[in-house]
Amino acid sequence: MVERTARCSCGALTIKATDEPIRISACHCDSCKRRTGSAFSVAVFYRIDRTIAGGPSSRYVRTGDSGSPIEFHFCATCGSTVFWYPDFRPEWVGIAIGCFDDRTLRPAQEVYEQDRLDWVTIAPARPDTPS
């Protein structure tokens, strides 16, 4: 069984996930760009019942482009957003790909491509990598 742990920059907030992810998505929406301070975000989605969060977190709730709330959990010490709970998929948790040490994870899909910055190109996932 595969087990991966994501952590914030200072290591105080973690989430451990078992099995392979349900989906890995690159999101180009403006809200994700603001949240990450980057050109896009990448979420590794797992079933909630396959994860265990550890450490204290602060949370921020906003309405997503789906119209439903999303509850983001971030480290109050270093500020890293590590994971979030999308209300429109109550059985899933999204985990920021950059919080994992595993470099084999890569997005298999892109969403909100109409908001993608012109210079961004994401290579498609290889068939032998988790998506």
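Residue numbers run from 1 in the order of the sequence given. Because only heavy atoms are used, hydrogens play no part in the values below, and waters and symmetry mates are left out as well, while side chains stay in.
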*Between CD1 on residue I70 and SG on residue C32, distance to nearest 0.5 Å*: 7.0 Å

*asked:* Measuring from atom CD of E110 to atom OG of S25, what distance do you get when rounded to the nearest 0.5 angstrom?
replied: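 Atom-to-atom, E110:CD and S25:OG are 9.5 Å apart.
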
*Hydrophobic cluster of V61, others only, ordered by chain and residue number, side-chain cut-off 4.5 Å*: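 In the cluster with V61 there is nothing else; it is isolated.
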
*State, yes or no, whether a side-chain contact exists between R7 and L13 at a heavy-atom distance under 4.5 Å.*
no

_In this structure, would I95 and M1 fall into the same cluster of hydrophobic residues linked by side-chain contacts under 4.5 Å?_
no

*Would F40 and R116 satisfy side chain to side chain contact (heavy atoms under 4.5 Å, CB included), going step by step from the backbone distance to the final call?*
CA-CA 8 Å; F40 57 91; R116 181 185 332 150; over 6 Å; no

*The single option from E113, R106, H28 passing side chain to side chain contact (heavy atoms under 4.5 Å, CB included) against I122*: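 One option only clears the test, and that one is H28.
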
*asked:* Applying side-chain hydrogen bond (donor to acceptor under 3.5 Å, both in side chains) as the test, list every pair that has at least one member in residues 91-101; sequence neighbours left out.
replied: none

*Please list all pairs passing the side-chain hydrogen bond (donor to acceptor under 3.5 Å, both in side chains) test where one or both residues lie in residues 68-89, with sequence neighbours left out.*
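Matches after skipping sequence neighbours: S9-S80, S57-H73, R59-E71, E71-H73.
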
Closest non-hydrogen atom pair, [X] against [Y]:
X   : Y   : value
C78 : C10 : SG-N, 3.6 Å
K16 : T5  : CG-OG1, 3.7 Å
P86 : G94 : CD-N, 4.5 Å
C99 : V82 : SG-CA, 4.0 Å

_Among residues at least two apart in sequence or on other chains, which ones pass ring pair (Phe, Tyr, Trp, His ring centres under 6.0 Å) with Y112?_
none

Name the atoms and distances for all side-chain donor-acceptor pairs under 3.5 Å in residues 43-52, with sequence neighbours left out.
residue : atom : partner : partner atom : Å
Y46     : OH   : R4      : NH1          : 3.2
R47     : NE   : D49     : OD1          : 3.3
R50     : NE   : T18     : OG1          : 3.4
R50     : NE   : D19     : OD2          : 3.0
R50     : NH2  : T18     : OG1          : 3.0
R50     : NH2  : D19     : OD2          : 3.3
T51     : OG1  : I48     : O            : 2.8

_side-chain hydrogen bond (donor to acceptor under 3.5 Å, both in side chains) against D30, all qualifying residues, sequence neighbours excluded_ =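 D30 satisfies side-chain hydrogen bond (donor to acceptor under 3.5 Å, both in side chains) with K33 only.
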
*Output all residues satisfying side-chain contact (heavy atoms from CB on, under 4.5 Å) with V111, sequence neighbours left out; order by chain, then residue number.*
C27, Q109

_Test of understanding: with side-chain contact (heavy atoms from CB on, under 4.5 Å), list the residues that count as partners of A76, not counting sequence neighbours._
S58

